[in-house]
Structures are given as structure tokens and as C-alpha cells.
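The structure appears below as C-alpha cells.
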Amino acid sequence: MKRILLIIVVLSIAIVAGCSPTFIFNNEEAEPRNEPSIGRYTVPPNFIPQALVITALGDSLSQGVGDEENLGGYTGRVAAEIRTWPGVEGVAVENTAKRGRRSDQLLAMFQQGELTGPVAEADYLSLTIGGNDVMRIVKRDLFSLNMQAFEDELILYENRFENIFTAIRSINPTVPIIVMGIYNPFSLITDEVEEFDQIIASYNEAMQESAEADPQACFVPVSDLFEGNKNLVYHTDFFHPNSKGYDLMSERILERMEECGLSYKE
């Protein structure tokens, strides 16, 4: 009988010990088991091959007027480079730009809903506008040019440019916007270079300010590429870039995209 009681006691102790959450060996508690920690993994954007759309807005520079090689101006050249990026399956270009277009005309296209589709589907958006706004004043006041006329127009231009930006963001809140600056072609036809340089600089400052206020926008200055014609960058009309001019613009765009963190390959 005593032997049976002894066996029962031993079994009871074993059961209780087995149900205890902590084991004790030599009066030392064993360390509790820690679950392995798995850090959050973010899939890089170029992991899955993507087909991208570049939408070009604005005037003749985005259209590619003057490009003897017919490569689509800076738009076509940038698209060709992006096609080589890792993870890019293909690039389609939606070019809505037109020679002679001014900011008031571009804004009207947004207000009339003409650009809703191209902007909505864009993975990248490029914009050139402003050169024809300046040219309108030059043509209108050709024989009586004065700084005040350009300053008055600049006030209107700034307002239209901000409205264009607002219209883009209302359609596509996150698309990277590449904002091209304008340059001074008048150095080839007039001695009043400093005055026109000041005018062009004012328009560029207005565009740069709007671009820098948007985290997904990047301003690309190009005025230094077209100072005089020392680099032989002008088309035969001495106003639009030639193929070399578009080559230089494309190189500058790609540099700025990387600086602004808008390169898809990253």
C-alpha cells in the first residue's frame, strides 16, 4: 500500500511540474523563448517590370520643333533613356504639346477637360510653357519695348501657372512633374541682352518657386545652355533648339530627375 501511495505522489509531482510555465534546473530559471523578429520588407518599384507613360504638355519645346533627327525633341530622348532603366518594360509618349501655345491657352485646355485623360494616365509629366507669353509682348510692342509690359504680364503668368499646377494635381495628385525653364533666344538678334536676361530670369523664378513647393515636381534650368550660339544649339530659325540643343536639354533633365529623387530606377 505504501508503495502505491509513493508512486501516486511521484506522478502528481511530475504532472504539476509539466504544467508549470517555467522550468527550474539547479535553482536557475530558463530564459523564456523569444519569437523570431522579421523586419518589414518593401518591394522596390522596379522589382516588377512596368510599362510607363510620359505625358508632355506645353509648347514647341515639348513638341520637339527643330529636331532634325526626328527623335521627338527632349521628350523622345528622355523616354529612350528611361526604357533602359531596370524594371522598365516599355515607355509610351503622350505628346499633347503644340507650337505657339501660351499659358492662357494651356490653362483653357485644362478648364475644358481636354487634358484630363493624358494627365490621369501619366507616370511622368513634362511641361514647357512661358516662352510664347514673352514672345507675345515682344511682337506686340516691337518698336516700344519696355520692362513694365513684361512685369505686368509676369503677374498674370504667375497666376496662370499656379492654376495649371493646381489643375494637374486635381487630376493626378502624385505624378512627378518635370518643369522646364525657358531661355533667351533674343541674344542672337538684339544687343539688349541684359534686359531680356532679366525678363527670362523672372519667369524662371516664378516657375521654380511653384515647382519647389511641390514635393513631386522638379525644375530644370536650361537658360545657360542657350546663351548666344556658342554651342551651336539653335535650329535654322534661330529660336528653337536643334538636335544638339535637345541632346543637352535631355542630359540636364536626367541629371535633375536624379537630384530631385524622381528617377524610377532608384
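The number of heavy atoms from other shown groups lying within 6.0 Å of CD (Glu69) is above 12.
Under the 30°/60° scheme for interplanar angles, the aromatic rings of Tyr183 and Phe239 are found to be tilted.
Side chain of Asn172 to backbone of Val119: a donor-acceptor contact under 3.5 angstrom is found. Judged by distance alone, the side chain of Asn242 and the main-chain N or O of Gly245 form a donor-acceptor pair under 3.5 Å. Using modelled atom types, one side-chain atom of Ser202 and one backbone atom of Gln198 make a donor-acceptor pair closer than 3.5 Å. The closest donor-acceptor contact from the side chain of Ser170 to the backbone of Ala167 lies under 3.5 Å.
Contact of the Arg169 side chain with the Ile177 side chain is registered, since non-hydrogen atoms from C-beta on lie closer than 4.5 Å. Phe226 is not listed as a side-chain neighbour of Leu248, based on a closest heavy-atom distance of 4.5 Å or more. Two residues are said to be in side-chain contact when any heavy atoms from C-beta on lie closer than 4.5 Å; Ser243 and Arg77 meet this criterion. Taking 4.5 Å as the limit, some side-chain heavy atom of Pro221 sits within range of a side-chain heavy atom of Arg256. A heavy-atom distance below 4.5 Å is not found between the side chains of Ser250 and Glu81.
Minimum heavy-atom separation, Val65 to Tyr246: O-OH, 2.6 Å. Considering every non-hydrogen atom in both Ser223 and Ile182, the closest pair reads CB-O, 3.7 Å.
To the nearest 0.5 angstrom, Leu57 atom CG is 13.0 Å from Gln63 atom CD. Taking CD from Glu255 and SG from Cys218, the interatomic distance works out to 11.0 Å, rounded to the nearest 0.5 Å.
Applying the side chain to side chain donor-acceptor pair (under 3.5 Å) rule to pairs touching residues 91-102 yields Arg102-Asp104, sequence neighbours excluded.
With sequence neighbours left out, Tyr157 forms a ring pair (Phe, Tyr, Trp, His ring centres under 6.0 Å) with Phe161, Tyr203.
Ion pairing of Arg160 with Glu153 is present here, as a side-chain N (NZ or NE/NH1/NH2) and a carboxylate O approach within less than 4.0 Å.
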